[in-house]
Amino acid sequence: MNIFSHFSQQITDITDTLIKNGTITLTDTAKPAACEPPRDSSHGDISTNYAMVMAKSAGMSPRDLAAHLVKDIAHLDGVTDVNIAGPGFINLTLDPAIWQQRIDDILAANTAWGVNDIGKGEKINVEYVSANPTGPLHAAHARGAIIGDSLANLLETCGYDVTREYYINDAGNQVDVLARSVFTRYKQALGDSSAKVADGQYPGEYLIDTGQKLAKVHGDELLNMDESEWLPLARSFAIDDMMETIKADLGRLNIHMDRFSSERQLVKNGAVDTAIGKLKDNGLIYLGVLEKPKAGNADDWEPREQLLFRSTDFGDDVDRAVKKSDDTWTYFASDIAYHLDKLERGSDKLINIWGADHGGYVKRMKSAVSAFTGQKDSLNIQLVNFVKLLDGGKQIKMSKRAGTFVTLSDVLDTVGKDILRFIMLTRRADQTMDFDYAEVTTQSRENPVFYVQYAHARACSVLRQDEAVKIDVSGANLSLLSDPTEMALIRLLASYPRQVEAAGQAFEPHRIAFYLMDLAAAFHGLWNKGRDDPSLRFITDNTALTAARLNLVNATAVVIRNGFAVLGVDAINEM
RNA sequence: GGUCCCGUAGCUCAGCAGGAUAGAGCGUCGGAUUCCUAAUCCGAAGGCCACAGGUUCGAAUCCUGUCGGGACCGCCA
């Protein structure tokens, strides 16, 4: 049971009744009210703003209105006290048993504690990573990958039917460059020492391996072909090889996509023609001339009539080109087709995780999706800001040209999946972030991953004790958990479903990471109180009390594991 | 020139579908170790929530403008 939504429902019922019997008359639909934990625990267990929210349309002062509500709220099951405070807050104090019983709920639900159904089975497509198949994933990809994957986990927990998807940009010029670069390495592999990586080709050494594989599979037969023949061969070989590497790296991050969509496939299927045709049928495609961009680096700009999408109809700043001068589709055009494809495969909602450097594309993409769905918010784009890599406060310089970029695989070798995943979620997505190797691998309070892991390991350590293992904890008398520090921990545990719901609604998995840090702090706090005051230790010579406390410890471990699961982090039982 | 993001304690950041006295960690200062993991905990000090207006019972949160930092702005992907 989610205590907050439970009482929210009860109070809503009360207001409905008061409206029905004429005690309250609303002239207007009131804004949604909330039941929340009060900021100050001395105000009680639940604080609600029902009266303040309804006051205006009821034509009453908040406090007068509250007085009506309070009469009925006082009779609700589990409510021991209710009062009106400040400008019109209604504060409820609950029977401690209401909280204590949640421990049974948590243990019974186990991995399902926190699961809700706000998604109502709606189909939602989360597209993330989608790195170009021209090289291995590098460190900069990690954050978007992790945020996307954790968001997908979170939405599943919230009852959405989630598709995890990767869009492969395997059309266009860059994969031809990849093909030529691999061809050079292929010639080298066959002993042609005169073959040199040309200007503009990808110099990365990772392609040496791909060239050798190509030589192994095809021998020297590509050498006798025209470029028009060998290029497609080398291209698809290289793309497949890169995608294998990328999938392997994602696997190390515990990311498993449901689907990889190929841009080339879409173009080949004529999906782009179809999609643009649809827009054209709606009068949204026309021949026009764009103004010169004002960026300053467009010296070679020439006004030219071209095929444009009327994205300004949907809030974009200018209309956008869908065809290039060589008569092929622009990237945007195939992206339009791709998003239509996602919609046609049955997704009600689309989420894209993009790097902050793609911010300028948000409006046009949303415009295109709106053009298809007729709705404004079918596409949600989460921009993920940059990560600065440091080691002991010193920035690690990365340059693609110099070949000194840090691969995702390198980072995983250094810090491991769990640290990387958790740390990437300790900041809001739109904030830039420093990722310091030295800092994230220290085992101290400053390192949040360690701190939460330690709380879990400590809990496990208690449950492992001989005295603990011996005790039958089923049916323990939870009312014995009455110390304020214990109650504070229980309240946190009980509020986990509410946290998941809020995070899911906001599409913000980082909230779970912050919640876990709070939870760990509450647990460590209780633990240390037991150091000072032996009567508060989990294992005591009172069997009934110990049984109750062991359930509390176990529930804490369950919630940490569930939170970790959303973040894709494995809990550690012993450190 | 335009669009988007950011500006909260000395530092790093939460909080933002408006709610009561604005929170946490680090750092500083002062404490706790015969005890289930002290890799931890407790306490103190520290704030014109960038600035100025507006919206209302109420604004860090919403709106407008200003200043400061960042990203982006072509048929690249």
Side-chain angles (χ1 to χ4, degrees), chain A residues 31-32 34 36 38-40 43 47 49 52-53 55-56 61-62 85-89 91 130 132 134 169 171-175 263 290 292-302 304 306-307 316-318 320-335 355-363 383 385-386 426-428 430-434 439 442-448 450-451 453-455 457-465 467-468 505-506 510-511 514 517-518 521 523-534 537-540 546 549-550 553 574-575:
Chain A
K31 286 187 288 183
E36 301 171 323
R39 185 157 295 177
D40 188 334
H43 290 140
S47 171
N49 58 355
M52 291 185 287
V53 166
K56 195 166 192 181
S61 84
F89 287 102
N91 292 328
S130 297
N132 293 332
T134 54
N169 296 125
N173 188 44
Q174 58 172 356
V175 282
E263 180 187 5
L290 287 179
K292 179 179 176 176
K294 299 210 165 102
N297 55 348
D299 303 332
D300 54 352
W301 175 265
E302 280 177 23
R304 195 177 64 77
Q306 60 194 125
L307 212 54
D316 201 359
D317 309 307
V318 289
R320 305 291 180 177
V322 294
K323 266 208 172 169
K324 298 189 256 185
S325 55
D326 65 359
D327 209 40
T328 60
W329 296 113
T330 60
Y331 173 80
F332 179 49
S334 46
D335 228 355
D357 52 341
H358 287 68
Y361 287 79
V362 169
K363 280 187 181 176
L383 292 181
N385 222 319
F386 313 108
T426 54
R427 198 126 307 175
R428 234 185 327 143
D430 52 17
Q431 283 276 6
T432 58
M433 161 183 249
D434 289 352
E439 231 167 68
T442 58
Q443 305 214 326
S444 73
R445 177 71 179 91
E446 299 130 78
N447 181 352
F450 163 76
Y451 186 68
Q453 289 283 22
Y454 184 38
R458 268 184 152 177
C460 292
S461 151
V462 173
L463 299 171
R464 267 198 306 269
Q465 300 296 312
E467 300 92 318
Q505 257 155 10
H510 76 270
R511 295 194 192 198
F514 283 92
M517 293 187 252
D518 287 346
F523 184 70
H524 286 308
L526 178 57
W527 182 292
N528 263 72
K529 220 172 158 193
R531 289 185 167 282
D532 302 334
D533 177 359
R537 294 180 55 163
F538 300 117
I539 297 169
T540 68
T546 303
R549 286 183 177 164
L550 288 177
V553 171
E574 197 172 350
M575 333 199 39

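Labels below follow one simple rule: chain letters A, B, ... track the order of the sequence lines, proteins then strands, and each chain is numbered from 1. The shown structure was predicted, so the numbers you read here are calculated from the model rather than taken from an experiment.
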In whole Å, measure the gap between the C1' atoms of B/rG30 and B/rA20 for me.
32 Å

Can you say whether a donor on the side chain of A/T426 sits under 3.5 Å from an acceptor on the base of B/rA14, or the other way round?
no

With heavy-atom distances below 4.5 Å as the criterion, would you say the side chains of A/F538 and A/L463 are in contact?
no

How would you label the contact of A/Y451 with the nucleic acid (heavy atoms, under 4.0 Å): base, sugar-phosphate, or nothing?
sugar-phosphate

For A/R427, all residues meeting salt bridge (Lys or Arg N to Asp or Glu O under 4.0 Å), sequence neighbours excluded:
none

Considering only the P atoms, how many Å lie between B/rG10 and B/rG47, rounded to the nearest integer?
7 Å

Rounded interatomic separation in angstrom, taking CG from A/N385 and P from B/rC13:
11 Å

What's A/A457 touching, base or sugar-phosphate or nothing? Going by heavy atoms closer than 4.0 Å.
base

Would you indicate what A/F514 reaches in the nucleic acid, counting non-hydrogen atoms under 4.0 angstrom: base, sugar-phosphate, or nothing?
sugar-phosphate

P atoms of B/rG25 and B/rC63, separation to the nearest Å
32 Å

Among the nucleotides B/rA77, B/rU40, B/rA14, whichever has the atom closest to the side chain of A/R427 is B/rA14

Within the 4.0 Å heavy-atom criterion, would you say A/A356 contacts the bases, only the backbone, or no part of the nucleic acid?
sugar-phosphate

In whole angstroms, the gap separating P of B/rG70 from CG of A/D434 amounts to 15 Å

As a test of reading the structure: which of B/rG7, B/rU37, B/rC36 is closest to the side chain of A/Q431, going by heavy atoms?
B/rG7

Measure the shortest side-chain to side-chain distance between A/V462 and A/R549 over non-hydrogen atoms and say whether it is less than 4.5 angstrom.
no

Using a cut-off of 4.0 Å on non-hydrogen atoms, how would the nucleic acid contact of A/M517 be classed: base, sugar-phosphate, or nothing?
nothing

Under 4.0 Å between any heavy atoms, over every strand shown, what does A/D316 touch: base, sugar-phosphate, or nothing? Just pick one.
nothing

Can you find a donor-acceptor N/O pair under 3.5 angstrom joining the side chain of A/Q505 to the base of B/rA17?
yes

Interatomic distance at C1', B/rA22 relative to B/rC49, whole Å
7 Å

Who are the salt bridge (Lys or Arg N to Asp or Glu O under 4.0 Å) partners of A/D430, not counting sequence neighbours?
A/R428

Reckon A/F332 touches a base, only the sugar-phosphate, or nothing at all at heavy-atom distances under 4.0 Å?
nothing

Just checking A/S47: base, sugar-phosphate only, or nothing, at a heavy-atom cut-off of under 4.0 Å?
base

Heavy atoms from C-beta onward define the side chain here; which of B/rA20, B/rA77, B/rA71 lies closest to that of A/D357?
B/rA71

Expressed in angstrom and rounded to an integer, what is the separation of A/Q174 atom CD from B/rC75 atom P?
16 Å

Residues that A/R458 engages under salt bridge (Lys or Arg N to Asp or Glu O under 4.0 Å), provided they are two or more places apart:
none

Under 4.0 Å, counting only non-hydrogen atoms across every strand here, what does A/E574 touch: a base, just sugar-phosphate, or nothing?
base

Is A/G359 touching bases, backbone alone, or none of the nucleic acid, heavy atoms closer than 4.0 Å?
nothing

With sequence neighbours left out, the residues meeting ring pair (Phe, Tyr, Trp, His ring centres under 6.0 Å) with A/H524 are A/Y451, A/Y454

Rounded to the nearest angstrom, tell me the gap between atom CZ in A/R511 and atom P in B/rC13.
19 Å

Taking atom P in both B/rG31 and B/rC36, what distance in whole Å separates the two?
25 Å

Taking the side chain of A/D430 as heavy atoms from C-beta outward, which of B/rA71, B/rC5, B/rC36 is closest to it?
B/rC5

How does RNA chain B look in dot-bracket form if you count Watson-Crick and G-U pairs under 3.5 Å, write [ ] for pairs that cross, and put | where a base pairs with another strand?
(((((((..((((.....[...)))).(((((.......))))).....(((((..]....))))))))))))....

Quick test: give all pairs of protein nitrogen or oxygen and nucleotides 54-56 of chain B nitrogen or oxygen below 3.5 Å, distance rounded to 0.1 Å.
none

Can you tell me how far C1' in B/rU66 sits from the matching atom in B/rG74, rounded to whole Å?
32 Å

Where the side chain of A/K363 is concerned, which of B/rC13, B/rU3, B/rC41 is the nearest nucleotide?
B/rU3

Per atom distances to the A/K324 side chain, the nearest of B/rA71, B/rC41, B/rC76 is B/rC76

For A/Q453, the side-chain hydrogen bond (donor to acceptor under 3.5 Å, both in side chains) test, sequence neighbours excluded, returns none

note: A/R320, atom CZ; B/rG74, atom P; distance rounded to Å ~ 7 Å

Closest non-hydrogen atoms of A/A468 and A/I539, given as atom of the first, atom of the second and distance, are CB-CD1, 4.1 Å

Between the base of B/rC13 and the side chain of A/R428, is there a donor-acceptor distance below 3.5 Å?
no

Could you work out which one of B/rU40, B/rA77, B/rC36 sits closest to the side chain of A/S444?
B/rU40

Stacked cation flag A/K323 on A/W329, 6.0 angstrom / 45 deg:
yes

With RNA chain B as reference, determine whether A/M575 or A/M433 sits nearer its 5' end, using the nearest nucleotide of each.
A/M433

Is A/N49 touching bases, backbone alone, or none of the nucleic acid, heavy atoms closer than 4.0 Å?
base

Write down the distance separating the P atoms in B/rG65 and B/rC5, rounded off to the nearest Å.
13 Å

Would you indicate what A/H510 reaches in the nucleic acid, counting non-hydrogen atoms under 4.0 angstrom: base, sugar-phosphate, or nothing?
sugar-phosphate

Once salt bridge (Lys or Arg N to Asp or Glu O under 4.0 Å) is applied, do any residues pair with A/D434, and if so which ones, sequence neighbours excluded?
none

Given the P atoms of B/rC26 and B/rC42, what is the spacing between them in whole Å?
10 Å

Report the residues that fulfil side-chain contact (heavy atoms from CB on, under 4.5 Å) with A/Q174, sequence neighbours left out, ordered by chain and then residue number.
A/N132, A/T134, A/N169, A/Y202

Which atom names give the shortest non-hydrogen contact between A/F450 and A/T442, and what distance separates them?
CB-O, 4.1 Å

With heavy atoms under 4.0 Å as the rule, sort A/D40 into base, sugar-phosphate or nothing.
base

Got a list of protein N/O to nucleotides 22-32 of chain B N/O distances below 3.5 Å?
{"residue": "B/rA32", "atom": "O2'", "partner": "A/D532", "partner atom": "OD1", "Å": "3.4"}

For A/P448, which residues count as a side-chain contact (heavy atoms from CB on, under 4.5 Å) partner, sequence neighbours excluded?
A/F422, A/I423, A/T426, A/M517

Identify whether any heavy atom of A/P87 sits under 4.0 Å from a base atom; if not, whether one sits that close to sugar-phosphate; answer base, sugar-phosphate or nothing.
base

A/A457: which residues meet the side-chain contact (heavy atoms from CB on, under 4.5 Å) condition with it, sequence neighbours left out?
A/M575

